[in-house]
Amino acid sequence: MEYSLLNKINSPEDVKKLNNSQISLLCEEVRDCIISTVSKNGGHLASNLGAVELTVALHRSFSSPEDAIIFDVGHQCYTHKLLTGRFNQFSTIRQEGGISGFMKPNESEHDPFITGHSSNSISAAYGIYKAKKLKGEKGTAVAVIGDGAMTGGMAYEALNNAGNTKGNFIVVLNDNKMSISKNVGALSRSFTRMRNRPKYHHFKFALSKMLLKIPCVGNFLYNAFFSIKETLKNIIYKNNIFTAMGFNYLGPVDGHNIEALESLFDIAKSYSRPSLIHVITTKGKGYPYAEKMPKDYHGVSPFDVTEGAPLGSKNNFSAIAGQTLCKMAEDNPKICAITAAMTEGTGLYEFSTKFKNRFFDVGIAEQHALTFGAGLAKQGMKPYFVVYSSFLQRAYDQIVHDAATGNFPIKLLIDRAGIVGEDGQTHQGVFDVAFLSNIPRINIYSPATYKELEFRISSSAEIEEISAIRYPRGSEKECIDFDITADFNVFERNKNKVIVTYGRLFAEACDIEEASLIKLNKIYPISDDLLEKIASFNQVYFFEEGIKSGGIGEHIGSMLLQKGYKGKFVNTAIENEFVAASNVSSALKKNNLDRESMIRIISGD
């Protein structure tokens, strides 16, 4: 499609120059561009389609980058990228060498903070806002947070801290699913319409000034009048958590009505206290498939626009994990499943419908999920917390303090372990092995096949310590047969050289004839039997799809050295850097973890 307006938008200032009819056309073009691009590249669709008018209104009312606008999560920042000079690059989004699917400061001055994971926008925006005031700089800061991200505890920590500030710090709640507080009847609706009009707020300010100027009794009249007003408002609206935390609550407002949005943004800017603007949007707006099934169209692979996005293959590690838990739960009433707002993504939809009483979606609250699971385990239940590797990072203290220290045998099913591809730096699951393998009373497994994954999940139910079972995104790769019940497997091919690896990399190494091969099924703790077997080779080549520092390769290398090993030990893993967005095959090759790189390294080339 040829765009008559979008290709002329080089900065938010260009958006401000458009009239109402042009704004309407711009929104249509933005939606078409997002749908067309995501259909080719994959990405986050429904959430971005729902935030088009909201983002346009933000850039008409505020002045980025002077006013810092932070989108939480970056799932709703595609329109922002199109309006801030990245239209010509937008076709590269989530591609190797292209722009990120999330906010990224080194990509644009209009991206003030990284927001790949949820619930951090209010904290970041408030920090930026306070720094501006301390330095005497112009501008404010705006956190745009979705109702899903508001289930994360960090958001409330930030609200609690920011509510006492003086000045026009602003939070925009993009509510596309739930109602924050119930309003009552026609009177409530009428009051809402009144409060969302600029004249109401201008009158309120004028009245305040007038009352305060009255000699002697001015303060008394002011306090009495506004005490009555607040009492009336609370009877009609009921107090909500935002006003209780010190925020001026504005809304709810139609998030697809740009004029109404701009009006409320202007009102919020005029206050000398923090404001929260409650915006109601439709997730997937403008694309019927996404509007009808927004959860299925949250994150999608490339798809045919006319026929809609595929709902995902049934043959993947996530699905096998969910199916296995369902089988176990049928026979064992103690089996429970916990997710942090990722029911579909982690393969738990079937479990959530069949075993409702034993399924717990705690929202985006990984810390709570872990400790909640430890509580279940303390009482003899068998909880499985199914979580993406990169999201587990947020619950590290709870693993150490609340589960491992008390030896409560919660089970961690770590999805998206290893390189995940196009979501890039913030989502790569390359740190879990390094941070888990330093914790006592934990067993770590890394299955390479569906059959091995099913066995490890099933057998973990009776292990009275924490079990962490990590598996990659997507489908299994073809590989040779091995004993899934053993802690490790040895394939003798060369008396001098041996490749040691685990997880998905086993498929890359399994047919290399130039060296013997040891496949780790249980990757931690490391047994003396494994060390003895590895030490029987003169040259050891360890390959690990994880960060090198603190990884299994480093552990084994150090233990071999302590035992007096004199042979050659080469550890190939991801160096101390973040892995950029690309497809998995390309990322493995860049990090010397593909089959060809393995052959080159063991050959000494």
Side-chain angles (χ1 to χ4, degrees), residues 114 116-120 152-154 338 340 342 346 364-374 377 383-420 423-447 456 460 463 465-473 501-505 520 522-526 542-559 571-579 591 593:
I114 293 174
H117 291 175
S118 77
S119 310
N120 69 340
M154 184 177 177
I338 306 169
M342 295 298 294
T346 57
I364 302 176
E366 289 83 1
Q367 293 171 296
H368 164 64
L370 206 297
T371 304
F372 170 66
Y384 285 77
F385 178 31
V386 193
V387 59
Y388 286 6
S389 172
S390 62
F391 298 162
L392 183 62
Q393 294 163 185
R394 294 187 286 213
Y396 187 73
D397 180 60
Q398 286 67 34
I399 298 172
V400 175
H401 183 274
D402 298 338
T405 304
N407 198 26
F408 301 130
I410 188 171
K411 315 304 177 187
L412 306 176
L413 300 190
I414 307 173
D415 202 334
R416 269 64 165 180
I419 293 169
V420 299
D423 280 338
Q425 295 177 341
T426 58
H427 282 59
Q428 308 288 10
V430 298
F431 297 100
D432 58 271
V433 170
F435 69 67
L436 289 174
S437 61
N438 291 288
I439 302 174
R441 299 173 179 167
I442 192 166
N443 301 278
I444 309 175
Y445 306 90
S446 192
R456 288 300 170 190
S460 68
I463 297 176
E465 290 183 316
I466 300 172
S467 293
I469 303 168
R470 59 189 308 276
Y471 44 94
R473 180 183 188 180
T501 192
Y502 62 85
R504 175 163 50 190
L505 295 190
L520 309 183
K522 182 177 184 178
I523 65 175
Y524 188 84
I526 298 160
F542 199 98
F543 293 93
E544 184 167 16
E545 190 183 345
I547 205 76
K548 178 182 285 186
S549 181
I552 300 301
E554 273 201 356
H555 283 301
I556 288 179
S558 175
M559 294 170 80
N571 184 16
T572 303
I574 297 170
E575 298 294 341
N576 190 27
E577 60 186 22
F578 294 101
V579 179
N591 288 279
L593 297 173

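- With rounding to the nearest 0.5 angstrom, the CG atom of L436 is 7.5 Å from the OH atom of Y396.
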* **Evaluation steps, side-chain contact (heavy atoms from CB on, under 4.5 Å), between F431 and Q393** => CA-CA 8 Å; F431 297 100; Q393 294 163 185; 3.6 Å; yes

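- The closest donor-acceptor contact from the side chain of S460 to the backbone of S467 lies at 3.5 Å or more, if one exists at all.
- Under the 3.5 Å distance criterion, the side-chain polar atoms of R456 are left unmatched by any main-chain donor or acceptor of K522.
- Judged by distance alone, with hydrogens and angles left aside, the side-chain atoms of Q398 form no donor-acceptor pair with the main-chain N or O of T371 at under 3.5 Å.
- Contact between I547 and E575 at its shortest, heavy atoms only, is CD1-O, 3.1 Å.
- D397 places no side-chain N or O within 3.5 Å of a backbone atom of D402 that could act as its donor or acceptor partner.
- Side-chain contact between S437 and I444 is present, with at least one heavy-atom pair separated by less than 4.5 Å.
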* Asked: Given N443 and I466, is the side-chain contact (heavy atoms from CB on, under 4.5 Å) satisfied, shown in steps?
  -> CA-CA 6 Å; N443 301 278; I466 300 172; over 6 Å; no

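- Within the 4.5 Å cutoff, side-chain heavy atoms of L392 are placed close to those of I399.
- With salt bridges taken as basic N to acidic carboxylate O contacts below 4.0 Å, none links K548 and E554.
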* **Steps toward side-chain contact (heavy atoms from CB on, under 4.5 Å) verdict (Y384, I338)** => CA-CA 6 Å; Y384 285 77; I338 306 169; over 6 Å; no

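- With N407 contributing its side chain and A403 its backbone, the two residues share no donor-acceptor pair below 3.5 Å.
- G152 and S119 get closest at one heavy-atom pair: CA-OG, 3.5 Å.
- Closest non-hydrogen pair, I364 versus S118, comes out as CG2-OG, 2.9 Å.
- The CG atom of D423 sits 7.0 Å away from the OG1 atom of T426 when rounded to the nearest 0.5 Å.
- Between Y524 and H555, the angle of the ring planes lies from 30° to 60°, which puts this pair in the tilted group.
- Using a 4.5 Å heavy-atom threshold, the side chains of Y471 and Y445 count as separate.
- Between V387 and E366, the shortest heavy-atom contact is CG2-CG, 4.2 Å.
- Using a 3.5 Å distance cut-off with no hydrogens or angles, the side chains of D432 and S389 do pair a donor with an acceptor.
- In this structure, the side chain of K411 does not engage the main chain of I469 through any donor-acceptor pair within 3.5 Å.
- Here the side chain of R470 pairs no donor or acceptor atom with the backbone of A417 at under 3.5 angstrom.
- Heavy-atom minimum distance, A340 versus A365: CB-N, 4.2 Å.
- From R394, atom CZ reaches atom CD of Q367 across 8.5 Å, with rounding to the nearest 0.5 Å.
- Annotation for P447 and P472: closest pair O-CD, 4.4 Å, computed over non-hydrogen atoms.
- With a 4.5 Å cut-off on side-chain heavy atoms, F542 and L520 count as touching.
- Aromatic ring centroids of Y388 and H427 lie 6.0 Å or more apart.
- To the nearest 0.5 Å, atom OG1 of residue T501 and atom CD1 of residue I552 are 11.0 Å apart.
- Annotation: the span from I574 atom CD1 to N591 atom CG amounts to 5.0 Å, rounded to 0.5 Å.
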* Yes or no on side-chain contact (heavy atoms from CB on, under 4.5 Å) for N576 and S549, after CA distance, side-chain angles and deciding distance? -> CA-CA 7 Å; N576 190 27; S549 181; 5.6 Å; no

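- Separating the CZ atom in F391 from the NE2 atom in H117 is a distance of 5.0 Å, to the nearest 0.5 Å.
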